[in-house]
**Q** 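Have a look at this one.
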Number of protein chains: 2
Amino acid sequence: MNLTFRQLKVFEAVARHLNFTNAAKELHLSQPAVSMQIKQLEEQTNTPLIEKLGKKLYLTEVGLEMQDYARSTMQQLVDLEETIAQMKSMKRGHLKLAVASTANHFVIRLLARFAKIYPKISISLDVTNRISLLDLLEKNECDLVIMGRPPEGHNLQSAPFLENPLVVVSHPHHYLADREQVSLKEIASEGFVVREQGSGTRSAAERFFTEHDLEFKAKMDMSNNRAIKHAAEEGLGLAIVSLHTLELELKAKTLKIVNAEGFPIYRHWYVVQREGKRLSPIAMVFNDYIMQEADKLMLDFDLPLFKNL
Amino acid sequence: MNLTFRQLKVFEAVARHLNFTNAAKELHLSQPAVSMQIKQLEEQTNTPLIEKLGKKLYLTEVGLEMQDYARSTMQQLVDLEETIAQMKSMKRGHLKLAVASTANHFVIRLLARFAKIYPKISISLDVTNRISLLDLLEKNECDLVIMGRPPEGHNLQSAPFLENPLVVVSHPHHYLADREQVSLKEIASEGFVVREQGSGTRSAAERFFTEHDLEFKAKMDMSNNRAIKHAAEEGLGLAIVSLHTLELELKAKTLKIVNAEGFPIYRHWYVVQREGKRLSPIAMVFNDYIMQEADKLMLDFDLPLFKNL
DNA sequence: ATATACCATAAGTTATTCCTTATGGTAACA
DNA sequence: TGTTACCATAAGGAATAACTTATGGTATAT
């Protein structure tokens with residue numbers, strides 16, 4: 001059986017009018033055109049759908065089934081169109097994001113604002129480590145990723161959208177904590193609690209010290225940013241972390257920013273997507289949104305401003 | 001938007017395989033043929049449905065919607081085919097009957113047997129008077145009607161399928177009740193309880209007496225067969241009724257058949273349909289069933305047999 | 001760098017779809 | 001009985017749908 005939508009459409013009109021001529025008028029067709037479509041449909045099903053008794057038309061039992069089917073199929077088509085239209089106009093849709101755990105805090109705040117503008121959009125947010133992020137992109141399991149600078153050679157497209165100031169933090173009673181200015185040399189003489197090898201923050205710090213011909217002393221390394229901050233809070237050493245992860249600790253005064261020479265180091269947050277990926281409308285809008293608005297939005301956050309921010 | 005089933009079918013295959021070439025093989029098509037169908041579908045929706053990242057294919061969000069739609073539509077089509085097939089093979093369907101109230105009793109017994117043979121068929125039975133029966137036929141609101149001889153000139157097709165013996169009944173203690181033979185003259189001298197003017201039974205009786213040059217004395221008339229029998233039970237007079245309506249009263253011995261000369265009068269039960277009506281498969285089968293089987297089935301009923309039956 | 005797997009595109013052909021006009025037949029109705 | 005309303009059928013033509021083969025491009029893998 002190989003029906004066509006055309007047949008169904010014509011049949012539906014006939015079933016409604018119970019009159020070929022009127023159905024033809026509605027469809028802007030000649031009457032024989034309608035006859036033919038119905039005839040074809042009856043040939044397809046190999047059973048009469050309409051019976052003519054005297055002047056009047058009646059649907060057969062199968063005809064009634066067919067009418068149900070035609071209506072439901074056509075309604076579903078309308079629904080589909082509606083759904084697609086909504087998706088296009090971002091009244092509906094799903095945004096799949098993934099962020100580096102370090103970025104989690106501020107991204108959620110960005111997302112909260114974004115979600116208010118597009119209330120019908122559902123969002124899923126995966127918070128995970130760099131390796132997993134790349135994996136998600138690789139498998140096309142998310143639209144966009146927010147992370148530090150992505151590695152080369154993964155067929156990725158990335159764009160920096162926000163400065164990411166790395167600052168030195170210490171226990172609030174650390175002897176360097178209240179100094180107006182701490183020279184780089186002094187800082188370098190301290191031991192640091194750092195992320196594992198390969199972490200973006202760690203390599204940025206290492207590069208920074210190397211560029212200034214200083215050694216970077218990693219006293220302890222941990223795989224989790226929260227753990228690093230906690231270690232610093234406990235006085236295990238200084239730490240270099242993204243300012244954006246510090247809102248809570250600064251407010252609670254469990255950590256202090258050390259006024260270290262040359263800091264903050266400015267790195268960037270990137271929006272990353274797979275090369276060649278055609279973003280969904282909503283992902284595209286989100287991308288534009290953070291590219292344009294992230295700077296401004298960060299101003300609302302309760303974070304210290306550095307002169308060149 | 002003007003999709004085709006073909007597009008949906010091809011799309012479904014591609015969405016399942018996530019591979020054009022394999023989908024093409026499954027459909028016994030060349031790969032470009034598949035490409036074209038997908039392309040057309042994307043043009044219809046004006047949005048990408050499939051995205052290619054590197055070597056792998058992925059469905060876009062709209063693509064996923066489309067996949068749902070395609071599957072559900074195709075499933076519905078399968079369901080429709082199944083339904084039609086069942087209707088054709090009478091595993092499903094609906095039989096709309098209407099019977100004269102006089103025929104109700106025995107028709108229900110016929111129907112009970114018929115329903116056992118076609119257990120999946122639903123049946124509706126309208127029990128009503130002659131006028132309404134003709135009206136139902138006129139409006140094509142039932143497949144078949146069972147009644148006495150239908151009037152001419154209504155564009156009806158009818159066929160007798162069963163003899164309808166009309167007998168004279170009386171109160172069991174009526175003075176004629178136990179007589180071995182009652183002459184027609186004696187009968188004619190009695191007063192009768194009869195149906196209203198226009199009733200088939202009444203005109204048959206009248207004609208019968210007229211043919212024998214006797215007068216037919218209608219003492220009382222009623223519009224309902226049950227009421228007539230009741231009147232006879234109460235000794236209000238003799239009655240002429242169809243033997244087929246008497247099973248209960250004979251068993252209960254509340255009425256007796258009078259051995260009247262010339263009785264039973266043989267009339268017939270007819271199956272009636274509208275001229276030109278194309279019966280549904282199940283109606284046709286029912287028609288055949290009663291034409292062939294009604295005689296035999298009546299033998300199982302607890303009714304007296306007359307010599308020439 | 002080359003081979004491989006895979007999809008896109010182009011060009012051309014065939015078949016089918018879909019519609020039109022013209023005409024015929026039938027039931028209802030006056 | 002003629003008229004009217006309505007559907008069926010026939011014939012013909014325009015559009016297009018649906019494939020095919022051939023070829024090109026691109027990402028991946030070796």
Side-chain angles (χ1 to χ4, degrees), chain A residues 2-11 13-44 48-60 63 137-140 153-157 274-278, chain B residues 2-11 13-44 48-60 63 137-140 153-157 274-278:
Chain A
N2 201 2
L3 315 183
T4 68
F5 277 103
R6 182 112 200 104
Q7 287 164 1
L8 291 180
K9 196 175 180 65
V10 172
F11 176 78
V14 171
R16 187 154 30 80
H17 289 277
L18 288 174
N19 180 311
F20 283 48
T21 309
N22 293 345
K25 277 177 193 157
E26 177 183 309
L27 298 165
H28 303 293
L29 287 176
S30 66
Q31 167 263 312
V34 172
S35 289
M36 285 160 74
Q37 293 291 338
I38 299 298
K39 195 179 166 193
Q40 283 173 19
L41 195 55
E42 291 186 330
E43 275 163 11
Q44 297 285 342
L49 302 173
I50 291 174
E51 78 174 331
K52 194 182 168 185
L53 279 170
K55 235 175 189 172
K56 269 191 188 158
L57 300 185
Y58 300 90
L59 296 183
T60 63
L137 283 171
E138 172 72 23
K139 292 185 185 151
N140 195 32
H154 279 255
N155 293 323
L156 299 174
Q157 245 184 343
R274 226 183 121 155
E275 201 167 63
K277 167 87 178 172
R278 270 202 296 192
Chain B
N2 202 3
L3 315 184
T4 68
F5 277 103
R6 183 112 198 102
Q7 286 163 4
L8 291 180
K9 194 172 183 63
V10 172
F11 176 78
V14 171
R16 187 153 31 81
H17 288 279
L18 289 174
N19 180 310
F20 282 48
T21 309
N22 293 344
K25 278 177 194 157
E26 177 182 310
L27 299 166
H28 303 292
L29 287 177
S30 66
Q31 167 265 311
V34 172
S35 288
M36 284 160 76
Q37 293 290 338
I38 298 298
K39 195 179 167 193
Q40 283 174 16
L41 195 56
E42 290 185 330
E43 274 163 11
Q44 298 284 343
L49 302 172
I50 291 174
E51 79 175 328
K52 193 185 168 184
L53 281 170
K55 234 173 188 172
K56 271 190 185 155
L57 299 185
Y58 300 90
L59 296 183
T60 64
L137 283 171
E138 172 73 22
K139 292 184 185 152
N140 196 32
H154 278 257
N155 292 324
L156 298 176
Q157 245 184 341
R274 224 183 123 158
E275 202 167 62
K277 167 88 178 171
R278 267 201 299 190

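A note on names: the letters A, B, ... follow the listed sequences, proteins ahead of strands, and every chain is numbered from 1.
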**Q** Return the set of residues passing salt bridge (Lys or Arg N to Asp or Glu O under 4.0 Å) with A:Arg16 (not counting sequence neighbours), or none when no residue passes.
**A** A:Glu12, A:Glu26

**Q** State which residues pass side-chain contact (heavy atoms from CB on, under 4.5 Å) with A:Lys56; sequence neighbours excluded, sorted by chain then number.
**A** A:Tyr58

**Q** Let me know the distance between CD of A:Gln7 and C1' of C:dT16, rounded to the nearest Å.
**A** 13 Å

**Q** Can you tell me how far C1' of D:dA17 sits from CD of B:Glu43, to the nearest Å?
**A** 13 Å

**Q** Mind checking salt bridge (Lys or Arg N to Asp or Glu O under 4.0 Å) for A:Lys139 and listing every partner two or more places apart, or none if nothing turns up?
**A** A:Asp135

**Q** Distance check needed: D:dC7 C1' versus A:Glu51 CD, whole Å only.
**A** 15 Å

**Q** B:Lys39 or A:Thr4: which one's nearest nucleotide on DNA chain C is closer to the 5' end?
**A** B:Lys39

**Q** To the nearest Å, how far apart are A:Gln40 CD and D:dA8 P?
**A** 13 Å

**Q** Roughly what angle, to 10°, lies between the helix axis at the start of the helix from C:dA1-D:dT30 to C:dA30-D:dT1 and the one at its end, five pairs per end?
**A** 30°

**Q** Using atom CD1 of A:Ile38 as one end and atom C1' of C:dT17 as the other, report the distance to the nearest whole Å.
**A** 16 Å

**Q** In whole angstrom, what separates A:Lys139's NZ from D:dT28's P?
**A** 16 Å

**Q** How would you list, by chain and number, every residue that makes a side-chain contact (heavy atoms from CB on, under 4.5 Å) with A:Asn155, sequence neighbours excluded?
**A** A:Glu275

**Q** List the residues meeting side-chain hydrogen bond (donor to acceptor under 3.5 Å, both in side chains) with B:Glu51, not counting sequence neighbours, and say none if there are none.
**A** A:Asn140, A:Lys277

**Q** Please name all residues satisfying side-chain contact (heavy atoms from CB on, under 4.5 Å) with A:Lys39, sequence neighbours left out, ordered by chain then number.
**A** A:Glu43

**Q** Residues from residues 14-26 of chain A sitting under 4.0 Å of DNA chain C, heavy atoms only?
**A** none

**Q** In whole angstrom, what separates B:Leu3's CG from D:dA18's C1'?
**A** 17 Å

**Q** Holding to side-chain contact (heavy atoms from CB on, under 4.5 Å), I want the full list of residues that pass it with A:Ile50, two or more places apart in sequence or in another chain.
**A** A:Phe11, A:Val14, A:Phe20, A:Ile38, A:Glu42, A:Leu57, A:Leu59

**Q** Just jot down the side-chain hydrogen bond (donor to acceptor under 3.5 Å, both in side chains) partners of B:Thr60, sequence neighbours excluded, or say none.
**A** none

**Q** One character per nucleotide, please: for nucleotides 19-30 of chain C, 5' to 3', B when the base has a protein heavy atom closer than 4.0 Å, S when only the sugar-phosphate does, - otherwise.
**A** BBBB----SS--

